[in-house]
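These notes concern the structure reproduced below.
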Amino acid sequence: MKKLVVGMIMAAFIAASVFCFTLMNRSDVSASDDAAIEYVSIEIEAGDTLWSIAQDNYNESCGDFRDYVKLIKETNSMKDDQIMAGNYLCVPVYNQDFH
């Protein structure tokens, strides 16, 4: 049973990493011409909320904070704000050093 759980966690991590890697290779440009979107895989820790993770990765280039939370949810195909410790989120991060 323990091997099954470990295997499932590893499979989830690999899937999240592949998904984020695929997104990172896209050259999406945000609404601001001086920033590009990159994607990072973040492990959810105990006590984290979707909103706290968004707050940790938010900057002015993201636009409205609520829209940024919505983008994180869309990126991860989430229907609600529920997240679980030990899972991973693919989080869009606006890189202001884009040229």
Side-chain angles (χ1 to χ4, degrees):
M1 179 74 167
K2 186 175 181 180
K3 288 183 181 182
L4 177 63
V5 172
V6 171
M8 290 173 60
I9 291 171
M10 290 300 295
F13 174 74
I14 291 168
S17 297
V18 168
F19 181 70
C20 286
F21 180 75
T22 301
L23 291 175
M24 284 187 333
N25 287 323
R26 293 173 43 189
S27 58
D28 292 349
V29 177
S30 70
S32 171
D33 288 338
D34 60 348
I37 300 175
E38 297 176 350
Y39 295 85
V40 296
S41 179
I42 295 178
E43 182 176 8
I44 301 166
E45 298 180 6
D48 282 347
T49 66
L50 180 62
W51 290 78
S52 69
I53 290 172
Q55 189 172 27
D56 289 345
N57 294 281
Y58 177 82
N59 66 48
E60 300 84 38
S61 295
C62 300
D64 181 75
F65 183 75
R66 284 182 230 115
D67 289 338
Y68 182 60
V69 172
K70 183 179 176 184
L71 178 60
I72 293 172
K73 288 172 65 173
E74 289 172 357
T75 300
N76 292 279
S77 301
M78 297 172 63
K79 294 183 188 331
D80 56 37
D81 292 356
Q82 298 298 314
I83 59 175
M84 291 179 46
N87 289 343
Y88 291 82
L89 280 178
C90 189
V91 178
V93 178
Y94 286 74
N95 180 355
Q96 296 182 18
D97 296 328
F98 177 74
H99 298 289

*Might you point out which heavy atoms bring A46 and A85 nearest each other, and give the distance in Å?*
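Minimum heavy-atom separation between A46 and A85: N-CB, 3.6 Å.
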
*For the residue pair G86 and E43, what are the closest heavy atoms and their distance?*
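Closest approach of G86 to E43: CA-OE2, 3.9 Å.
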
*So how far is it from L50 CG to Q55 CD, rounded to the nearest 0.5 Å?*
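Spacing of CG (L50) from CD (Q55) equals 11.5 Å.
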
_Quick check for you: to the nearest 0.5 Å, what is the distance between I72 atom CD1 and C62 atom SG?_
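Result: 8.0 Å between the selected atoms.
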
Taking [X] for the side chain and [Y] for the main chain, is one N or O donor matched with an acceptor at less than 3.5 Å?
| X | Y | result |
| --- | --- | --- |
| Y68 | P92 | yes |
| Y58 | I53 | no |
| N76 | M78 | no |

*Apply side-chain contact (heavy atoms from CB on, under 4.5 Å) to T75 and V91, showing your working.*
CA-CA 7 Å; T75 300; V91 178; over 6 Å; no

Just so I know, are the side chains of [X] and [Y] near enough to count as touching, which here means a heavy-atom distance under 4.5 Å?
| X | Y | value |
| --- | --- | --- |
| I37 | Y94 | yes |
| K70 | D64 | no |
| K73 | D81 | yes |

*asked:* Applying side-chain contact (heavy atoms from CB on, under 4.5 Å) to N57 and I42, what does each step give before you reach the verdict?
replied: CA-CA 10 Å; N57 294 281; I42 295 178; 3.5 Å; yes

*asked:* Could you check whether atom CD of E74 has more than 12 heavy atoms from other residues, nucleotides or ligands sitting under 6.0 Å from it?
replied: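 Above 12, so yes.
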
